[in-house]
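Treat the numbers as computed from the prediction; the structure is a model and nothing was measured. The chains referred to below are lettered A, B, ... by the order of the sequence lines, with proteins before strands, and numbering in each begins at 1.
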There are 2 protein chains.
Amino acid sequence: MSRLKQISEAVRDAGSLGVAELAALTGASEMTIRRDLEVLAAQGVLERYRGGARSLLLRGSEPPFALRSDENTDAKRRIAAVVAGLIADGESVVLDSGTTCLEVARLLHDRRVTVMPLSLHSVNALSSSSSVTLLVPGGRPRPGELALTGPLALASLQALRFDTAVIGCCGLSAEHGLTAFDLEDASVKRTAIASARRVIAAVDASKLTRTALAHVAPASSLDAVVTDAVVTDAAGDDGLTAAGVAVVTA
Amino acid sequence: MSRLKQISEAVRDAGSLGVAELAALTGASEMTIRRDLEVLAAQGVLERYRGGARSLLLRGSEPPFALRSDENTDAKRRIAAVVAGLIADGESVVLDSGTTCLEVARLLHDRRVTVMPLSLHSVNALSSSSSVTLLVPGGRPRPGELALTGPLALASLQALRFDTAVIGCCGLSAEHGLTAFDLEDASVKRTAIASARRVIAAVDASKLTRTALAHVAPASSLDAVVTDAVVTDAAGDDGLTAAGVAVVTA
DNA sequence: GCGATTGAACAACAGTGATGTGCGAAACTC
DNA sequence: GAGTTTCGCACATCACTGTTGTTCAATCGC
């Protein structure tokens, strides 16, 4: 685990912590801790005060992109590989924001497909490709995440029809369907789903036990879910298969 | 001058050149030349054949972004500084593609302004800013340049009204007005100009003696031109002042 | 006012990217 | 089809960038 993540979690759990304590915890010098706190403050993770920092992470929100990106990389790569395999050459794909979808973007780099990514991270991953037809949606990038939102994003999606939507959500269950932490994100995802013929959700197992604030779409609007480990109840039922969703384990 | 640029110019001037000749010219090893030719071929600058490469640069087109970016940096910085000074806090700005406008983007990073850049390079320069309200237009990024074009870009621009448009064109003269090398680009620039109350052209002196293929707008549609050196005729007339354009020398 | 904290400057260090060399494989020439 | 040239991969080397730690003067809070 990176030191940045370690600090962010320690501060979140304690509410607030001093520089000296964090230095002792991580084994780094106080100067390094100060520099780390500076970048975390710039990301909005915490707030500096003289001698330490207090957490700004709310329970309902998710940790910022930079801290999630190198987390669970194996599972994400495996999920992304399966998703990329489900996409045929020549298809047009709308690709959601999030770290799992970013891995999918990387795998599509040398494929002959048309892609509209909903985050600038994926746009950058694909902008050097000569085989991908890249379409950038408009919108306001959310800080850190760089997910494009707002009326311009919705208008871009509504103007087009895609073969496949790859959605990476914050929560998924048979009961509550797809959910997201951010309201703006939720409406972008909803619009993306509506403009695609086929919908694939790329979801690591931790999301299957979680429900986030904003409702995106019912589970029945998904055609397939790709995940790394299926969560089943006592009867061996994942709840999704019954809703007509093909569940693929990577 | 970078070796890449040196190679690209040598091949352009000779039409085609061998690897050994380029190695002798640049003083680098043949292996290095091969690697360079590979990246230039990927950029569409030239075409490899066994033993050498031939130029693909047409007279009517401009050299790719990567080769222009570290060229004339001083003049671009000075022009950009003046342009940034003409923009007031709180303004909304549409920022054209090109290397000069990218410098403007960098100077706007810590300002309180709303910016819609027309190239992904400038988007990336601004996406880490917390003070800038960043708006991304939709569109298809042109390879290398990463300028956003096409119907999505036009729609994004038409949906908004800006205080100021900063335009970096390929050619400018009192007689032919603003001109651009690319037809798609030209219509994006034209739309940007139409959706802004005030139009500033950021143009280094080399563009003032050049006219490109596609007409963008007459010189009279500009409010100000910022350049590094004014070109005047025998009577000391730059031709633009007479058209009601304020010419500022950086 | 005093002590703790901070941020800037400098040095050491590791990680990354660029370059050159050697060699086997592929391609072109005759 | 044989010989020669060219190519690209693998590895070693090198410079450079970014990270970390140390020191010290300035600053902040009590």
Discussion item. What's the separation between atom CZ in A/Arg140 and atom CZ in A/Arg142, rounded to the nearest 0.5 Å?
Written reply: 11.0 Å

Worksheet item: Can you tell me if the side-chain N/O atoms of A/Arg48 get under 4.0 Å from OP1 or OP2 in C/dT6?
Response: yes

Fill in: Spatial distance of atom CZ (B/Phe65) from atom OG (B/Ser97) [nearest 0.5 Å]
8.5 Å

Worksheet item: How long is the line joining CD of A/Glu30 and P of C/dG7, in whole Å?
Response: 13 Å

Fill in: Rounded distance in Å - CZ (B/Arg50) to C1' (C/dA26)
7 Å

Practice prompt. Give the rounded distance in Å between these two atoms: CZ of B/Arg3 and C1' of C/dT19.
Written response: 8 Å

Worksheet item: Closer to the 5' end of DNA chain C via nearest nucleotide, is it A/Tyr49 or A/Arg35?
Response: A/Tyr49

Worksheet item: At what distance, to the nearest 0.5 angstrom, does CG of A/Leu86 lie from OG1 of A/Thr164?
Response: 8.5 Å

Discussion item. Of the options C/dC28, C/dT21, C/dA8, whose atoms approach the side-chain atoms of A/Met31 most closely?
Written reply: C/dA8

Fill in: Presence of salt bridge, B/Lys76 and B/Asp204, under 4.0 angstrom
no

Item to complete: Nearest whole angstrom, please: distance from the P of C/dT19 to the CG of B/Leu4.
Response: 9 Å

Fill in: Spacing between B/Arg34 atom CZ and C/dG22 atom P, to the nearest angstrom
14 Å

Worksheet item: Taking side chain as C-beta onward, heavy atoms only, is A/Val136 less than 4.5 Å from B/Leu152?
Response: no

Worksheet item: Taking CG from A/Leu22 and P from C/dT6, how many angstroms apart are they, rounded to a whole number?
Response: 11 Å

Worksheet item: In Å, rounded to the nearest 0.5 Å, how long is the span from NE2 of B/His109 to OG of B/Ser129?
Response: 4.5 Å

Fill in: Range on DNA chain D touched by chain A, heavy atoms, distance below 4.0 Å
D/dT20 to D/dG29

Discussion item. Measure CD1/B/Ile33 against P/C/dT19 and give the value in whole Å, please.
Written reply: 10 Å

Discussion item. Measuring to OP1 and OP2 of C/dG20, would you say a side-chain N or O of B/Thr32 lies under 4.0 angstrom away?
Written reply: yes

Worksheet item: With a 4.5 Å limit on heavy-atom distance, are the side chains of A/Val45 and A/Leu57 in contact?
Response: yes

